[in-house]
Amino acid sequence: MTQDRSEMSEDDDDKQSPPLDLRSAAIAEPSSSSSSSSVVVVVDSTPNKSRNCISSSSSGSLTSQPFPDHVLENVLENVLQFLDSRCDRNAASLVCKSWWRVEASTRSEVFIGNCYALSPARLTQRFKRVSSFVLKGKPRFADFNLMPPDWGANFAPWVSTMAKAYPWLEKVDLKRMFVTDDDLALLADSFPGFKELILVCCEGFGTSGIAIVANKCRKLKVLDLIESEVTDDEVDWISCFPEDVTCLESLAFDCVEAPINFKALEGLVARSPFLKKLRLNRFVSLVELHRLLLGAPQLTSLGTGSFSHDEEPQSEQEPDYAAAFSACKSVVCLSGFRELMPEYLPAIYPVCANLTSLNFSYANISPDMFKPIIQNCHKLQVFWALDSICDEGLQAVAETCKELRELRIFPFDPREDSEGPVSEVGLQAISEGCRKLESILYFCQRMTNAAVIAMSENCPELTVFRLCIMGRHRPDHVTGKPMDEGFGAIVKNCKKLTRLAVSGLLTDQAFRYMGEYGKLVRTLSVAFAGDSDMALRHVLEGCPRLQKLEIRDSPFGDAALRSGMHRYYNMRFVWMSACSLSRGCCKDIASAMPNLVVEVIGSDDDDENRDYVETLYMYRSLDGPRKDAPKFVAIL
Amino acid sequence: MEKVGDYDELVNLKATELRLGLPGTEETISCGKSNKRALPDDDTEKEIESTGKTETASPPKAQIVGWPPVRSYRRNSIQTKKNESEGQGNYVKVSMDGAPYLRKIDLTVYKKYPELMKSLENMFKFSVGEYFEREGYKGSDFVPTYEDKDGDWMLIGDVPWEMFVSSCKRLRIMKGSEVKGLGCGV
């Protein structure tokens, strides 16, 4: 099978090259003039290398004589050091073998978008000096209970391999991985210079694992636990941080559902002079927050914890919360409010004018409570909230927040038939007021094509458009028509769009638009949409940059799946659940594409050998199918 | 596969809906472990005719697994009440011989056996008869049993309630003929 490299997404973020053997990708060493423009070489002062100082004049080309390999590689090393972007590095690694080698030896940050796309051994064989590691595991639809637990994405093989290969490792950033306390213990033991641990949407560990990291990673700067499930092992992990001054710059534990030792936390904050970001969990009360703020006025990012208190406070002794916030001149990012007592909300007024990011998405705030706050937030760029602020609240956002880049509105009552306090009215207002908008996630019960079209015209900077009309198959509630034209306008007018999630009543026409106009779309999420195979075919035969495709409950069958075979090697994954796929077709694809892992996932109680495929999850892999698949996963 | 929209017209969906919670409650609590959806396939459609309605009120749409797409972390955070219950609930599978689908129930919502039995009877449309300490259940073909931590199948009601809740892994409503060996309890 031929690999059309021009098809590969520009920011193809896997570290892998195309699955072909690299021998066939080798190109002759550059000896002709084509590659040279003015090349100015900076010689760095790495002490253990002695090399010729090489410089060339700006007009000279390097063509007069071919350079010996080792000199070229030294030169390259110096130059490639400055390349940070992984897509640039991926491109550089494809030039020729020499460049591949040098790039591999200088890449310090590795991003792996699918933990099953390659084995840990391959990582360590290719890259020798990794200090920062980003790894993603389960597909996103696993967040919505569409996959049984224990599917996989175990961190264990990665940490054990890296423990031997990269003792200098400093940073680990995991998303949707299964991480155990043992893994964390191994991490803490193996990497003496470890600085940053970020766990997003992970699970499998508890406070005992966190305690080990806190205790042993003496250089720890960042410990961010974000939307992860952390079991309460009843360990006082906050007390496990070392007693001297820490290097902590960021500590986020808002997702830890366990009480914490406040005194220890206060002491920790007091001896963490570099602490800029602090996100408390809901077990920290307003009074305790107040004390922390007084001790840490240098904070730039604050997660407020519960923003309430349990006992009735004596009003005469009530702390001056507003004063504490006034002292925090540097706070630009505010979140938390996990159990908000709304009468205390005005305490945050002093910081509103400085805020660039505000997350109210765990607080049930009415428009009346909300408007006085938002009217001060002129600098706001990122805003998350519940739909309890209503269209009225969104109108207030539109009036004030002219710098808004990202908006997320979540449903307070996430059911299909709940009341919908936000609608096309709010969306229209935002589109008119927030012209710089780049990213939107909007849950609602009612929407119109007109409002979506308006947004496509008013917000040309949109790169992410995710609209979730919660009632399935709901049409435009004013015209009764499908939402095809709205989403069509988005793909047509928003020329920078890279991510799209669709909903509502959609016919094949919507997908025709997507295929034709979605030139930069990398991620597409589809649910309860389309009429026939043609819809999926439009997308697979169009959308040249498509990397991640997730579909559920849509009438797409074998013919549609087959129509994408020319491109599955160029994608990170395809997810299709509750569609019309047959096992036979999936088997055919698996046979025809040996570097594609085709997983058919059933639920625990399914009988095997059903022809109907409940869930298909397929992805390219350099190292064949995984060995840790549970019994409900059939790898064809 | 039939178009998803067709099932909107089926009225009795709630009867066979697979969800977590007491029958009669509307709320769907996502427990993170459930992977069965409420969409009917051919089998459950047949069941709908025979089981009949469980509610008198006009049923709203059945909740679909994972829809709307809000992470359970967020769902649970928003729904956290001040006086939260003691934990995440204890969900166990319930199967009945002859029924093509499983249900899941949360044992922590019940305080004693009669409540549990009533709920099971409603859920599966049968009756257990009367419980006798030595002889087990009499007066019905169906016998409620459970699998405990050791893998043994026991008669529901033989051990004190707390012991039952802490040791029960799953429930099975057996048909009389299979139950011979279970007459005695622990």
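Below, chain A is the first sequence line, B the second, and so on; all start at residue 1.
In this structure a side-chain-to-backbone donor-acceptor pair under 3.5 Å is missing from A/Asn364 to A/Phe412.
Using a 4.5 Å cut-off between heavy atoms, A/Leu386 touches chain B through its side chain atoms alone. With a threshold of 4.5 angstrom between heavy atoms, A/Cys201 approaches chain B through side-chain atoms but not through N, CA, C or O. There is no contact between A/Phe141 and chain B, counting heavy-atom distances below 4.5 Å.
Between A/Arg176 and A/Asp143 there is a salt bridge, since at least one side-chain N of the basic residue sits less than 4.0 Å from a carboxylate O of the acidic one. The pair A/Glu416-A/Arg472 meets the salt-bridge criterion, since a charged nitrogen lies less than 4.0 angstrom from a carboxylate oxygen.
For chain B, the option among A/Ala527, A/Gly557, A/Ser361 with the highest count of heavy-atom pairs below 4.5 Å is A/Ser361.
In this structure, B/Arg74 satisfies the cation-pi test against A/Tyr362, with its NZ or CZ atom closer than 6.0 Å to the six-membered ring centre and inside 45 degrees of the ring normal.
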